[in-house]
Structures are given as structure tokens and as C-alpha cells.
There are 2 protein chains.
Amino acid sequence: MASEPEGELLERFRRWLRDRHLPVTQQRDLVAQVLFAGDTQLSVDDVAARLRDRRTPVGLATVYRALDTLVEAGFARAHDFGEGFRRYEALRPGHQRGFLVCGRCGQVTEFPLERLERLLSLIADEHEFVAERHRVELHGTCSACRRREMGAIARAGRPR
Amino acid sequence: MASEPEGELLERFRRWLRDRHLPVTQQRDLVAQVLFAGDTQLSVDDVAARLRDRRTPVGLATVYRALDTLVEAGFARAHDFGEGFRRYEALRPGHQRGFLVCGRCGQVTEFPLERLERLLSLIADEHEFVAERHRVELHGTCSACRRREMGAIARAGRPR
DNA sequence: CTCTCTGCAAATGATTTGCAGCCTC
DNA sequence: GAGGCTGCAAATCATTTGCAGAGAG
């Protein structure tokens, strides 16, 4: 799918580090590679596990620190869906997405934000606010869970 | 400001409990009162502190449990702005708001979601998703911080 | 009475931090 | 070399949980 921009992002991240006279270490690079290769939100443990699978293990604390750096550099974004831990996502330019979060099964579906962007930037302007990124989540019930619940209600619907 | 709907919400919450044959305890009621009276997002400690100030202290664990119940009942909503703890907000019907979160100073400004709602429900429909609530956040820089930063850049802007 | 809640203290679990040694530049 | 990383283990801290006693219906 998105195999093209991966190396480009990586190169841009390295450049960002060099520009700040920060060392381009193997571990930071590895974390960035895994994040940029992933197509979804990854938890810190996900990242660590993938690195372990690649036979290039990196300490948990280092993964945390590398992800923080990526966020600070603007190449990643942290999400919190209330699971008790964070998820990180590569931030590809112009690839903003919103989320449909099912409160029953926890499934997260994505959708493009394009249609909302005009309105969002208008709102930001009205508040003299410079928005760098948006977060849009719709919380509710996905079609599968709704079907399941409607069945349950029909079955248990009458008292006694 | 919103002194009218407060008692109404409280009464609806009590009814919700009774309907499920759950006891309407003083502690749950107190937590609900504080949450419904607050005009902003309250942390668990905020709620506990206000209860302490009111001379009706409630144990922290109980506050957590009461807030969970309120969320489950649909009268409250949990937010996570990445501060390391959650904030809870009373969920008044038809009073959905979005947030402008300043990454510099952490200030959170609210704005009404009305203009976005048509589009959001359209998107939900397209995914056969039943949305109960929305979360819209714009992350960036508020006008005050931007002004401050622009000043700093102007001062240090030229190399050498 | 029965069932659920409450409060305390202890447990949990994600994230952070201190520090000695290692690696980039 | 110097300064910033890394890894480990210990520290933090919000949130959760177990359990004995209290309260609502």
C-alpha cells in the first residue's frame, strides 16, 4: 500500500535530527522504521514486539523516548482511546483521518477528514487559532454490535 | 449560567439508577451534583476536592466509581487531553462542544459543534455507525502563544 | 434481609527517571 | 573526546481492586 513515502519520511526524520545536532542512533531509526511501516495505530508494546520479531530488540524506555521524539518532530501523533495506554501513528502529511470508535467491541474504523477540513479551519480562524492537527472521533456503536444488541433486546425484551 | 438544567439532570440520573434497581446513594448523588454544577472538565481530584470543601468528603475510589457510573448512564463524558489523567464533563443534551487545545500553554477553548453535526452524522451513516457523541479537537497554537513566539523569532531570527 | 455501595489500603500497570556505560559526530 | 543516547531497574502516579462493614430498597 503505502510503501513509497516510508523511506522518504525516514530520511526527513534523520534530517530533522541532524539539523538539531542530535545523533541519528540505530534505535531511533528502528523505531521510526516500524512506525512508518505500520498502517495503524501502534502501542508502545506493539512497536517493541515488532522490533523483537525483527531481531533488533530495543528497550521499552528507549521506545518511549524515541516515540516522544517523533511526536516532537511532528512525524508521529499520540492517540488515547481510553484503553489505558497510548497508541502512536505515523503522521503522513495531508493524510488526516478521523475515527469511529465502537464503545462495545472497541473496534476503531477510520475515515478521511477532507470533507471536514474546510469547516475546521474556518472555526480555527474565528478563534485566531493556528491548528496543526485535528482529532475527530465519533463514539457509538458499530453496525455489527448494533445488530447483535438488537437481537439480544428482541430475545429478552419482555419482563418476567 | 446553567443553573436550570442542573436539578433536572440530577433527577434523571436518580431515575436511571432506580430503573436498574441500583441504590441511589448519597455519594453518587454528591458526585453527580458536583459534576453537573461544574462548568468545565473536572479531574477526579477536582471533584474530590470540591466535595471536601463542601464538607461532604467522598473516597477517591468511590469518586472514580461514581463517575464511571455517570459515564455509563450517559450523563458524563471522559476526556483525555494527554495530561496524564482524565477529565470528566457533564453531558448536557444538545450541548456538544469541540476543543481548541494549545500545545504551548495547554489552554483549552471550547466551541459549539453545531456546524459540524450535519456532516458528522452523514459520515456515521455512511459507515452504518450509530454515533452517541463526538469528540473534535483542534491542536495547535493559541493566539497569545503565537504572538509571543513570533516576537521571539523576530528577535532571534537572523543567523550569526 | 439482600444486594450493592463505600472506604481504606494494597495492587496494578503504563509511563518516567537515575545512572553507568556506549555510541554518534 | 564530548554530549547525547541506551538499557536496566527502581520510582511514579493515576486508576483499579479486595474486602469488611454500612446503607438503600
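Atoms considered below: every heavy atom in the structure, side chains included; atoms not considered: hydrogens, waters and symmetry mates. In the text below, chain A, chain B and the rest are named by the order of the sequence lines, each starting its count at 1.
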Starting at atom [atom1] of [X], determine the distance to atom [atom2] of [N], rounded to an integer number of angstrom.
X      : N       : atom1 : atom2 : value
L30(A) : dC5(D)  : CG    : P     : 16 Å
F85(A) : dA14(D) : CZ    : C1'   : 16 Å
L22(B) : dC5(C)  : CG    : P     : 6 Å
H21(B) : dC5(C)  : NE2   : C1'   : 17 Å
R14(B) : dA24(D) : CZ    : C1'   : 14 Å
D68(B) : dC5(C)  : CG    : C1'   : 14 Å
L60(B) : dA11(C) : CG    : P     : 18 Å
E83(B) : dT12(D) : CD    : P     : 22 Å

Legend entry - Interatomic distance, L119(A) atom CG to R118(B) atom CZ [nearest 0.5 angstrom]: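 It comes to 10.5 Å.
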
Inset, instruction - To the nearest 0.5 Å, tell me how far R86(A) CZ sits from R77(A) CZ. - result: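 CZ of R77(A) is found 14.5 Å from CZ of R86(A).
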
Inset, instruction - Could you say whether R28(B) or A61(B) is positioned toward the 5' end of DNA chain C, judged by the nucleotide with the nearest heavy atom to each? - result: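 Upstream on the strand: R28(B).
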
Legend entry - Pair R12(B) + E8(B), salt bridge at N-O below 4.0 Å: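 The answer is yes: the pair qualifies as a salt bridge.
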
Inset, instruction - Report yes if the side chains of V136(B) and L116(A) come closer than 4.5 Å at any heavy-atom pair, otherwise no. - result: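 In short, these two side chains do not touch, never coming nearer than 4.5 Å.
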
Give a yes/no on whether any side-chain N or O of [X] is located under 4.0 angstrom from OP1 or OP2 of [N].
X      : N       : value
Y64(B) : dT16(D) : no
T62(A) : dG7(D)  : yes
R86(A) : dT16(C) : yes
T25(B) : dT6(C)  : yes
R18(B) : dT4(C)  : no

Legend entry - Earlier contact from the 5' end, DNA chain D, for P23(B) and Q27(A):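 Its nearest nucleotide lies further toward 5', so the answer is Q27(A).
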
Inset, instruction - Run the ring-centre check on F99(A) versus H79(A) and record whether the distance is less than 6.0 Å. - result: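 Aromatic pair counts; centres sit under 6.0 Å.
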
Inset, instruction - Report yes if a donor N or O on one partner sits less than 3.5 Å from an acceptor N or O on the other, where the partners are the side chain of R65(A) and the base of dG4(D); otherwise report no. - result: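 No such pair is found, so the answer is no.
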
